[in-house]
Amino acid sequence: LPASDESESEAKVDGETASDSESRTESAPLPVSADDTPEVLNRALSNLSSRWKNWWVRGILTMAMIAFFFIIIYLGPMVLMIIVMCVQIKCFHEIITIGYNVYHSYDLPWFRTLSWYFLLCVNYFFYGETVTDYFFTLVQREEPLRILSKYHRFISFTLYLIGFCMFVLSLVKKHYRLQFYMFGWTHVTLLIVVTQSHLVIHNLFEGMIWFIVPISCVICNDIMAYMFGFFFGRTPLIKLSPKKTWEGFIGGFFATVVFGLLLSYVMSGYRCFVCPVEYNNDTNSFTVDCEPSDLFRLQEYNIPGVIQSVIGWKTVRMYPFQIHSIALSTFASLIGPFGGFFASGFKRAFKIKDFANTIPGHGGIMDRFDCQYLMATFVNVYIASFIRGPNPSKLIQQFLTLRPDQQLHIFNTLQSHLIDKGMLTSATEDE
């Protein structure tokens, strides 16, 4: 055989071609999710059309989820972090299960085991970094934790290498291409799900308001876009999601901006929402008590002349955070939905209606959080770019871990700097 024919023949033996795998996927689509509406709701809404029945089912369960959201907020930051972890695991499970079901006939060795192992490794890395950053004094107090913290990245890399070697050893000649495809599937899922949930927790530590307001804006936009689209929708917005309309998109935007301003005004007046979440070593618990920063103090702003002629006000008193809330709600309304469009394209690629059927009328957990993950990244970047400054407590913690000679060098440098700025007097001047 010529070299080209021989290589092509070998490729078909060693691993299926991309067209082979795609044709199998096209011929064996995943089943559409069955109607999992609770029987009590089915009986109560049996006289309604399918359109209005779906409206009531979604509405009732949306209110139930909002009530659950209020409950976990009331229970505090620790419970919130546990819920974020549970949501992350469920989202990962839903995406991995889709990949597993699509290629179930290939019986890929160790695929599910390695997927969950890599999830464990990535979570160990990210949460280990978080523990080191926010529980520094606790880590330094306990010898085992201090050792784990010191060699954390080396341990994380070693754990990943073990999984990498296990994957290489699991390669089977006739499944090469598919195994590498699913290896990439797992890593992209980890990037989308685990990394974003880690950023959600980082936002939470900045203050619960940075957690609650962005999530609430996404929820509000989702609800109001659905409402405006349901009652006024006429113009299709995007082919990936045929039910989305321009009326819903625009109506959701204005409603979310107003909602963000009102929610920010209410929450900015409570320390439990605006103070950073910190760990108290004396009580071994989280505390959210502080002196609110200028961001959460009422200030007076002059209204532009054009608007003054309309509303008749010259000044308005508002919290500076409310101005930032406009940026958050704008992103949640205009860019956040693209996370949903991305998810719609993904589901269409595999001919499925929802990621799962966990929540009747809403689909899986991932169907509810497709926009939240994109929002979490934006909030984290926004805080780092426009809000967060140097953290004195972290600097002191790092300073205390240095050797005595390094501490003395920093002390002398800082003393000279403050003397030059006139904030301290030198010993010679005192004499």
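Being a predicted model, the structure only gives us computed values, none of them experimental. As a basis for the values below, the full set of heavy atoms in this structure was taken, side chains included, without hydrogen atoms, waters or symmetry mates. In this chain, numbering begins with 1 at the start of the sequence shown.
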Spacing of [X] atom [atom1] and [Y] atom [atom2] [to the nearest 0.5 Å]:
{"X": "Leu190", "Y": "Thr195", "atom1": "CG", "atom2": "OG1", "answer": "7.5 Å"}
{"X": "Tyr226", "Y": "Thr245", "atom1": "OH", "atom2": "OG1", "answer": "11.5 Å"}
{"X": "Thr158", "Y": "Tyr151", "atom1": "OG1", "atom2": "OH", "answer": "12.5 Å"}

Exercise. Considering only heavy atoms from C-beta outward, does the side chain of Arg271 approach that of Pro292 to under 4.5 Å?
Worked result: yes
Tell me if the centroids of the rings in [X] and [Y] come within less than 6.0 Å of each other.
{"X": "Phe346", "Y": "Phe350", "answer": "yes"}
{"X": "Tyr301", "Y": "Trp313", "answer": "no"}
{"X": "His187", "Y": "Phe164", "answer": "no"}
{"X": "Tyr124", "Y": "Tyr160", "answer": "no"}
{"X": "Phe341", "Y": "Phe338", "answer": "yes"}

For this session: Identify the two heavy atoms, one from Asp354 and one from Gly364, that lie closest to each other, and give their separation to 0.1 Å.
Result: CB-N, 4.3 Å
Exercise. Shortest non-hydrogen contact from Leu204 to Val277?
Worked result: O-CG2, 3.4 Å
Problem set entry | Set of salt bridge (charged side-chain N to carboxylate O under 4.0 Å, His left out) partners for Arg234, sequence neighbours left out | none
Looking at [X], I'd like to know if its [atom1] atom is crowded, meaning that more than 12 non-hydrogen atoms belonging to other residues, nucleotides or ligands lie closer than 6.0 Å.
{"X": "Phe378", "atom1": "CZ", "result": "yes"}
{"X": "Met166", "atom1": "CE", "result": "yes"}
{"X": "Phe180", "atom1": "CZ", "result": "no"}

Problem set entry | Stepwise salt bridge (charged side-chain N to carboxylate O under 4.0 Å, His left out) test for Lys314 and Glu300 | CA-CA 10 Å; Lys314 293 185 178 181; Glu300 198 167 88; over 6 Å; no
For this session: Among Ile83, Ile89, Ile82, Val87, find the residue that satisfies the side-chain contact (heavy atoms from CB on, under 4.5 Å) test when tested with Met85.
Result: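 It is Ile89, the one option of Ile83, Ile89, Ile82, Val87 that forms the side-chain contact (heavy atoms from CB on, under 4.5 Å) with Met85.
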Exercise. Among Phe126, Phe205, Tyr373, which one satisfies ring-ring contact (aromatic ring centres under 6.0 Å, His included) with His198?
Worked result: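 Going through the options one by one, the only one that passes is Phe126.
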